[in-house]
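Hydrogens, waters and symmetry mates are skipped; everything else that's a heavy atom, side chains included, is used.
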Amino acid sequence: MQDDQILSVGIDLGTSTTQLILSRLTVKNFAAAFSVPRINISKKEVIFQSDIIFTPLATQTEIDADAITKFVADQYQAAGIDKRDIQMGAVIITGETARKENASAVTQALSGYAGDFVVATAGPDLESIIAGKGAGTNVTARKKRRNVVNMDIGGGTSNLGLFSDEDILDTACFDIGGRLIKITPSTKEITYISPKVKELIQDLKLDVHEGMRVNLDQLQPIIDVLVNVLENSIGVGDKSPYFDMFVTNHALHPEHKIDGVTFSGGVADCLNEELPQDVLRYGDIGLLLGYGVRHSRIFKDKTIYPSVETIRATVVGAGSHTTDVTGSTIAYTDGILPLRNLPILKITKSDEDLAEDELAKTVEEKINWYKVQNELSNVALAFTGKHSPSFNDIQRYAAGIVKGAQVLIDKHEPLIIMVHEDMAKALGHSLFAKLPDRYPFVCIDSVKVENGDYIDLGEPVAGGEVLPVIVKTLVFG
C-alpha cells in the first residue's frame, strides 16, 4: 500500500495562552493484505507553529469565541492551508479556560476547523495525562524504570501526572500558575489578583491590591508560599498551612513513591538560575515563580529529567487513527451504537488484581478524572484482562466495575468496557446480571488502547459478531 499524507492540527486553549500547530503525518497500513486495516503513523513533521497568544477573553468568565475562531482562521491563512485540507485534529481546552461559562460553545465553534477528530474540554486530571505525555514523561518513566511526575505549571493551574512504566498512576492539580497576578510591565501596576491569592494576601496581612504599583519585595512572600505548596505537592518540604487552599480537586496519594520530575507549561520555560533584567516583562509573576521553583527543594531532593516539550506540551500534535475490529466474543445491547469521541480510562494492571471493593474504589476515583466543572461525560473503561480468567476473576471484575461505575450508571450513560484479552463474552454476561434491568452496555475485547486515546464504536458488522472500532491517539513529539 502506498503511504498517505494527511494534515493534522492541534489547538490548545489554555488559561493564559492559545496556540496552534499544523503537522503533516505520513500514515501507513501495517496490516497484511485482505485483513482489517491498521493505520498508524510512520512519520510526523511539524510544518507550522503559530505565535503563542494570550487567550482572548470577552469577560473574566467568558472566552471570546469570535476572537479564537479568527485567530485559527488567520493561522491557517499564514500557513497557506485551506481548512478543508485538514483531515484530523485536536482542540483541547484546559486549565481555568475549561471552567469558563462558554467553553462548550467554543469547542463547537472550532469543531469545523479541526477535521475529523477530538474536540475536548479537559478537566484537570485529563490535562495532567495529556501534558505528561506531551512532555514525554511516560517514555522517561518506562526507559528509566522509575516513577516520574510531570509538573505542568501554566497560567492558572499546575497539573501533576505521575507515570510508572507508561502507566498513569495518579494525577493532581493546584490553583498555582504564572498569571494569578497580572501586572502592567511599563507601570508595574497590578491589574488582576486571583481569588485564592487575594485570600492568601489577606491572611499574610500584606499590603498588595489591584490598582497599586508593586515591587518585587512585596510579591516575594506570595511566591514563597506558592513554591512551598508546589514542593509539598510531590512530598517535599514542610507542609504549608496553605497547601489545602491551593488544591484544585485533589492532591497526589502519599503512598506513591516519586523518583524524578519533568516540567512543562509556560513556567517551565522560566526555570532560570538567575532572575532576568525585566522580571515582569510578561505582565505576570511567571518568571518569579519559575526562579522560585528552580531554587526550591524539588531541584535538590529529586532527579530532574529533560522534557520533550515545555510550553507546547498539551497539544504538540493532533492524532492518528487505528481502525480495528473487536474480537468475536463480545456482548452489547441493541440501539446504543454508534458512539463517538469517548475518552479512554485505562486501569493499571496492578489495580486490576485488587479485591472487588478496592477495584471498585479505584474505578470510581479514576472516573472522576474526567469531570469538568463537576460535570461528567461518558468514558470507556479499558482493562488488560486475564489470558485464562477463572469464574471468580470474571465475577470480581464485573462486581468491581458495576460498583465503581455507579456515577455513570446513575446518569444512565451506556457502560463501555474494553478488554485486551479474549474475555469479553463471559465478562459481558456477568455485567448483564449485575446491571439494572435492560441497562445499555458494550463489552468488547481484542482492541488495544491507552489513557489519552479516544474511540469511536461503529454499528455491528459480520452479522452482529464484531464491532468496528476507531482508536484516535493524540500524537506527541
Side-chain angles (χ1 to χ4, degrees), residues 165-169 324-337 339 342-370 376 378-451 453 455 457-469 471:
D165 194 22
E166 285 219 52
D167 270 334
I168 178 82
L169 290 185
D324 210 337
V325 292
T326 62
S328 53
T329 54
I330 60 175
Y332 59 91
T333 47
D334 290 331
I336 63 168
L337 298 167
L339 293 165
L342 286 173
I344 294 294
L345 168 54
K346 175 99 181 279
I347 304 298
T348 65
K349 195 77 187 76
S350 56
D351 285 340
E352 284 188 36
D353 294 332
L354 295 169
E356 176 187 310
D357 286 344
E358 288 300 303
L359 175 59
K361 190 174 160 214
T362 297
V363 168
E364 181 184 4
E365 234 170 56
K366 293 189 175 179
I367 284 173
N368 284 324
W369 286 358
Y370 291 78
L376 185 65
N378 203 5
V379 299
L381 294 172
F383 298 83
T384 304
K386 290 188 178 292
H387 186 56
S388 303
S390 66
F391 174 76
N392 286 341
D393 282 328
I394 297 286
Q395 293 294 98
R396 180 178 58 81
Y397 270 95
I401 289 166
V402 172
K403 277 186 196 171
Q406 194 58 49
V407 64
L408 295 175
I409 294 165
D410 288 345
K411 288 187 69 187
H412 209 71
E413 294 279 8
L415 190 63
I416 313 299
I417 307 299
M418 309 183 70
V419 197
H420 187 49
E421 294 288 355
D422 184 8
M423 58 183 269
K425 191 82 162 183
L427 180 58
H429 284 174
S430 196
L431 287 167
F432 179 78
K434 294 180 191 305
L435 283 164
D437 192 33
R438 297 188 186 174
Y439 193 84
F441 80 96
V442 176
C443 186
I444 60 176
D445 58 28
S446 308
V447 178
K448 188 167 174 15
V449 289
E450 295 296 338
N451 278 310
D453 289 350
I455 58 155
L457 292 172
E459 297 197 27
V461 293
E465 290 294 306
V466 298
L467 303 181
V469 182
V471 182

For [X], I'd like to know if atom [atom1] has over 12 heavy atoms of other residues, nucleotides or ligands within 6.0 Å.
X	atom1	answer
His412	NE2	yes
Phe432	CZ	no
Asp410	CG	yes

Any chance you could measure [X], atom [atom1], to [Y], atom [atom2], to the nearest 0.5 Å?
X	Y	atom1	atom2	value
Leu169	Asp167	CG	CG	6.5 Å
Asp165	Lys349	CG	NZ	13.0 Å
Ile394	Arg396	CD1	CZ	9.5 Å

Taking all non-hydrogen atoms of both residues, which atom of [X] and which atom of [Y] are closest, and how far apart?
X	Y	result
Leu427	Ile401	CD2-CD1, 4.4 Å
Ala380	Ile455	CB-CD1, 4.0 Å
Gln395	Ser430	OE1-OG, 2.6 Å
Pro440	Thr333	CA-OG1, 3.2 Å

Any side-chain heavy-atom pair from [X] and [Y] closer than 4.5 angstrom?
X	Y	result
Asp393	Met423	no
Ile444	Leu457	yes
Ile417	Phe441	no
Trp369	Val379	no
Asn378	Pro414	yes

Under 3.5 Å, side-chain donor or acceptor atoms of residues 350-357 against the rest of the protein: list the pairs with distances, not counting sequence neighbours.
unit_1 : atom_1 : unit_2 : atom_2 : d
Ser350 : OG     : Thr348 : OG1    : 3.3
Asp351 : OD2    : Thr348 : OG1    : 3.0
Asp351 : OD2    : Lys366 : NZ     : 2.8
Glu352 : OE1    : Gly385 : N      : 2.9
Glu352 : OE1    : Tyr397 : OH     : 2.5
Glu352 : OE2    : Thr384 : N      : 2.5
Asp353 : OD1    : Lys386 : NZ     : 3.2
Glu356 : OE2    : Lys403 : NZ     : 2.5
Asp357 : OD1    : Lys403 : NZ     : 2.8

TODO: With Leu408 as reference, evaluate Ile367, Val363, Ile416 under the side chain to side chain contact (heavy atoms under 4.5 Å, CB included) test and give the passing residue.
DONE: Ile367

Open item on the list: Treating Asp445 as the side-chain partner and Val419 as the backbone partner, does any N or O pair qualify as donor plus acceptor under 3.5 Å?
Closed with: no

Task: Check: Glu358 main-chain N/O paired with Thr362 side-chain donor or acceptor under 3.5 Å - done: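 Present.
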
